[in-house]
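Here is the structure we will look at.
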Amino acid sequence: MELYKTNQLKIYNSLSKSKEIFKPIVEGNVGMYVCGPTVYSNVHLGNVRTFMSFDLVFRYLKQLGFKVRYVRNITDAGHLENDADEGEDRIAKKARIEKIEPMEVVQRYTVDFHETLQKINNLPPSIEPTATGHIVEQIEIIKDILAKGMAYEVNGSVYFDVLKYNETEHYGILSGRNIEDSVHNTRELDGQSEKKNPQDFALWKRAEEKHIMRWPSPWGEGFPGWHLECTAMSTKYLGETFDIHGGGMDLKFPHHECEIAQSKVKNKVNPVNYWMHANMLILNGQKMAKSTGNYILPNEIFTGENKILSKAFSPSATRFFMMQAHYRSVLDFSNDALEAAEKGYMKLMEALNNLKNIEVGKVSSINVSEWKQRCYDAMNDDFNSPVLIANLFEAVKYVNLLLEKKETISSADFEELKNTMNIFVYDVLGLQNNSEENACDKLNGVVEMLIKMRKEARDNRDWALSDKIRDELAVLGIQLKDGKEGTTFSVN
RNA sequence: GGCGUUUUGGCCGAGUGGCUAGGCAGAGGUCUGCAAAACCUCGUACAGCGGUUCGAAUCCGCUAGACGCCUCCA
């Protein structure tokens, strides 16, 4: 029987601002849409955190036995750099600076995006549609919204009429704001704008002559507004109403608000049952963002080539660091925090490696099934990975006590412990065990031989030789660990 | 200025009205030829002030700080 039938999953819904019991539209199936990146530069760690948060959601839903269709778009049409009419889109701008074709920029950074997410062990989504691949669908939606009188055309551009929409619907329902407030509080009213109101947003923009990315439309040559693509693609692949929509907290307004407005006009229904927002990654007390220069790239962490960290950290250690915080909490990035996370991660991996050394007995002195349920309970409570990790460290303690034979475990319980640890560490959290990959067989053989020689020296009380072997290996980054059951080693 | 979030022990971070995660660092111990590693044990912290309550870090109010959104942004 599927686990979702016995596990009650609760999800915090940004729309209701409360945790709700998750019930998909079609039993056993989940449709999830997550706003993907605009591929105009390398993804930074902040971007990665959001996608990792939803990777956790994706992985756990699958673990519960749901069949998940996970759609995450690539924004390759670019969107306006600012709201000014002469704005050119980000991708076209970058292309001019670097003197290459826009699609070359798109290709380069799409590849970078995929490579980075793969390193950090994110699963690929089920469908990864592009904005430029759905121009036709977007044009159709604009026509529909125009026909319903909720948009207007000016000079080859089409704008959504927010104030009119707000007469019958609540624009701001998700972000908890009232359009009246923002009308009064808009600082600089942009007089030259062709929009009726500053709150209106573009569905279609006329392409200026220099604009390279352009498509024909009933309103002339142009390109779609940013908010529209997500509506077009989510509707196409998941339906008019689907289960989960995710994205970074900073997309709540206006992006997701606009999506709701577009869908409500076009389809007359609420597009999303559960809105999920992942929180920001903070660096030096500020949000990590490309535009401010306050960011670190994943590769700079993995190689150690940066000014923030004292050393390089593996993708898994980095992933573990982020999983130790809840996805809805702001997370502070720092060298100390990453170092602490790395050590904890190593400890967890060590315990997993030690599972094979445990001897099973007839009876168990530890309650494995109760522990296992606590792991599920943690994740069922709005994907609480920090609490899950705390439970996993409890399992680490079990493993160590079992190794010292201070606790006992039956073979059935041992299998359950082992399987559950593997499921949560590898399948759900998506961590990888690099500790064994570091050493190849030949190296293992050589070190084992040296360990043997050192043991002989020690048996002969030849401390000088035994210490020499130990110290010289240490210089090479191979640490010997003398334990009760003999000597083991780790490669740094 | 508006809206919202947040403030937890040396650091990072969970959390429920009473049973007070976890990791790192630190202290003590076990083990060891020594060392390292490993393991075990230990910390009663919740911004300040006031209120509700038998009881609050957890609920309410005020004050202060921080952050996010209000423009592209994960």
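Bear in mind the structure is a predicted one, so any value in this text is a computation, not a measurement. In what follows, every chain begins at residue 1, and chains take the letters A, B, ... in the order their sequences are listed.
- Out of B/A36, B/G13, B/C11, the shortest distance to the side chain of A/Asp336 is found at B/C11.
- For the pair A/Arg72 and A/Phe54, the cation-pi test (distance below 6.0 Å, angle within 45°) is failed.
- Salt-bridge check for A/Glu339 with A/Lys311: failed, with every basic side-chain N at 4.0 Å or more from each acidic carboxylate O.
- The residues A/Glu257 and A/Arg177 are annotated as not salt-bridged, no charged nitrogen and carboxylate oxygen being separated by less than 4.0 angstrom.
- OP1 or OP2 of B/G15 has at least one side-chain nitrogen or oxygen of A/Asn384 nearer than 4.0 Å.
- Rounded to an integer number of Å, the gap from A/Arg328 CZ to B/G4 P is 17 Å.
- Within the structure, a side-chain polar atom (N or O) of A/Ser329 is placed less than 4.0 Å from OP1 or OP2 of B/A14.
- Counting heavy atoms of neighbouring residues, nucleotides and ligands inside a 6.0 Å radius, atom CD of A/Gln118 does not exceed 12 of them.
- Between A/Lys397 and the phosphate of B/U41, there is a side-chain N or O to OP1/OP2 separation shorter than 4.0 Å.
- Salt-bridge annotation for A/Asp459 and A/Lys455: present, with a side-chain N of the basic residue lying under 4.0 Å from a carboxylate O of the acidic one.
- Aromatic ring pairs are classed by plane angle as parallel below 30°, tilted from 30° to 60° and perpendicular above 60°; the pair A/His256 and A/Trp275 is tilted.
- Side-chain proximity of A/Pro254 to the nucleotides B/A74, B/C70, B/C34 is greatest for B/C70.
- Remark: the A/Arg470 side chain and the B/A35 base include a donor-acceptor N/O pair separated by less than 3.5 Å.
- For the pair A/Phe51 and B/A74, the ring geometry does not qualify as stacking, because the centroid separation below 5.5 Å and plane angle under 30° are not jointly satisfied.
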Where along nucleotides 18-23 of chain B does protein come under 4.0 Å, by heavy atom, of base (B) or sugar-phosphate alone (S), with - for untouched nucleotides?
---BSB
